> 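First the structure, which I've put down as structure tokens, then a few questions once you've had a look.
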Amino acid sequence: MSSLTAWMIALTLSICAIILTAAISNPVLHMAASGIVSLVFAIVAIREHAALTAAGASRSAIGSSTARHLGLVWAWGGLGIFVTYAFILEQRWPEWWHFFLGFAIAAVASLVFSNMLDRDAEAGRVDDSIIKIGRALVMVQLIGVIIAVITMFVDGKFPRDVSYPDWAGCNIFFFGAIAIAAISVNALRSAKTA
């Protein structure tokens with residue numbers, strides 16, 4: 001099975017898990033589904049990072065893997081919010097499309113960056129300036145999701161009751177942010193020891 005096929009299956013199954021639990025308006029199951037999906041994404045990313053490092057892969061190949069996994073999490077969050085609010089929940093959350101658009105842009109940017117690093121890896125090159133840019137982008141994402149998670153707690157947006165229209169979006173955002181943070185911390189920690 002090709003990597004792209006595996007990713008499409010993972011994305012489809014993960015979206016199904018969160019939209020089915022949103023459809024029955026069960027915040028606990030939705031939270032559990034979002035948490036499990038995010039945990040699996042983070043574990044797979046960290047394990048692939050460790051395997052590439054142990055195999056002596058280039059920094060370009062390792063960076064590409066990190067960017068690709070970050071892109072998967074952003075895509076999952078964006079698609080999850082889109083399907084949930086465009087087709088599943090009757091309760092309207094007017095701002096859902098802002099988050100969908102932001103997550104979609106982050107997913108596309110991550111995947112484009114991953115493809116740039118893949119081309120370098122295939123050519124046997126390591127472009128230090130691109131690697132530094134990637135490291136800075138990972139730091140920015142990490143700082144951003146930490147601030148967002150803290151803000152969610154301060155504003156009382158997590159956990160969120162189903163009486164609020166953004167309850168499902170808050171679950172997706174919170175657990176996606178945790179996955180982004182875990183992948184980012186692993187990448188930054190590994191880069192320091194390399």
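The structure displayed is predicted, hence computed values, not measured ones. Throughout, numbering of the chain's residues begins at 1 and tracks the sequence.
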> Can you find a pair of side-chain heavy atoms, one from Ile180 and one from Trp74, that are under 4.5 Å apart?
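They are in contact (side-chain heavy atoms under 4.5 Å apart), so the answer is yes.
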> Do Pro27 and Arg160 have side chains that get closer than 4.5 Å, going by heavy atoms?
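No, their side chains stay 4.5 Å or more apart.
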> With a 4.5 Å limit on heavy-atom distance, are the side chains of Arg68 and Phe113 in contact?
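The answer is no, as the side chains (C-beta and beyond) never meet within the 4.5 Å cut-off.
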> Between Leu142, Val140, Val145, which is the residue that forms a side-chain contact (heavy atoms from CB on, under 4.5 Å) with Ser184?
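Testing each of Leu142, Val140, Val145 against Ser184, the sole residue satisfying side-chain contact (heavy atoms from CB on, under 4.5 Å) is Leu142.
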> Between Glu95 and Asp166, does a side-chain contact (heavy atoms from CB on, under 4.5 Å) hold up when you go through it step by step?
CA-CA 9 Å; Glu95 295 87 11; Asp166 64 346; over 6 Å; no
> I'd like to know if Phe173 and Ile15 are part of one continuous hydrophobic network [Ile/Leu/Val/Met/Phe/Trp/Tyr, side-chain heavy atoms within less than 4.5 Å].
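Yes; tracing contacts between hydrophobic side chains, which count when under 4.5 Å, links both residues.
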> Should Ile62 and Val138 be regarded as members of a common hydrophobic cluster, given that ILVMFWY residues are connected when their side-chain heavy atoms come within less than 4.5 Å of each other, either directly or indirectly?
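Ile62 and Val138: separate clusters.
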> Kindly work out whether a path of hydrophobic side-chain contacts (I/L/V/M/F/W/Y, heavy atoms less than 4.5 Å apart) joins Phe41 to Ile43.
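No, because Phe41 and Ile43 fall into different hydrophobic clusters, even though each may have its own neighbours under 4.5 Å.
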> With the side chain counted from C-beta on, respond yes when Arg125 and Ser60 share a heavy-atom pair under 4.5 Å apart, and no when they do not.
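Result no, sub-4.5 Å side-chain heavy-atom pair not found.
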> Hydrophobic clustering (ILVMFWY, side-chain heavy atoms < 4.5 Å, transitive) - are Leu101 and Leu72 grouped together?
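Yes; tracing contacts between hydrophobic side chains, which count when under 4.5 Å, links both residues.
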> Could you tell me if the ring centre of His69 sits under 6.0 Å from that of Trp7?
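Ring-ring flag for His69/Trp7: true, centres closer than 6.0 Å.
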> Are Trp93 and Phe99, when compared by the centres of their aromatic rings, separated by less than 6.0 Å?
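Yes, close enough.
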> Kindly determine whether Ser65 and Glu48 satisfy side chain to side chain donor-acceptor pair (under 3.5 Å), including the steps that lead there.
CA-CA 7 Å; Ser65 170; Glu48 183 174 310; 2.7 Å; yes
> Is any side-chain heavy atom of Phe103 less than 4.5 Å from a side-chain heavy atom of Leu79?
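The answer is no; the side chains never approach within 4.5 Å.
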> Report yes if some heavy atom in the side chain of Trp96 is under 4.5 Å from a heavy atom in the side chain of Thr84; otherwise report no.
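A side-chain contact is absent here, since even the closest heavy-atom pair is not under 4.5 Å.
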> Between Trp167 and His30, how do the two ring planes meet: parallel, tilted or perpendicular, split at 30° and 60°?
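Trp167 and His30: perpendicular rings.
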> When the aromatic ring centroids of Phe153 and Phe174 are compared, is their separation below 6.0 Å?
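Phe153 vs Phe174: aromatic centres under 6.0 Å.
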> Strictly under 6.0 Å, is that where the ring centroids of Phe87 and Phe82 end up?
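Yes, the ring of Phe87 comes within the 6.0 Å limit of the ring of Phe82, centre to centre.
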> Just verifying a value: how many Å separate Ile88 CD1 and Ile18 CD1, rounded to the nearest 0.5 Å?
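Going from the CD1 atom of Ile88 to the CD1 atom of Ile18 covers 10.0 Å.
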> Could you check Asn171 against Ser34 for side chain to side chain donor-acceptor pair (under 3.5 Å), going step by step and ending with a plain yes or no?
CA-CA 7 Å; Asn171 286 341; Ser34 298; 5.3 Å; no
> Are Met116 and Ile131 linked, directly or through intermediate hydrophobic residues, by side-chain heavy-atom contacts shorter than 4.5 Å (ILVMFWY only)?
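As far as the 4.5 Å side-chain criterion goes, Met116 and Ile131 are connected within one cluster.
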> Hey, does the side chain of Asp127 reach the backbone of Ser129 with a donor-acceptor pair shorter than 3.5 angstrom?
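At least one qualifying donor-acceptor pair exists.
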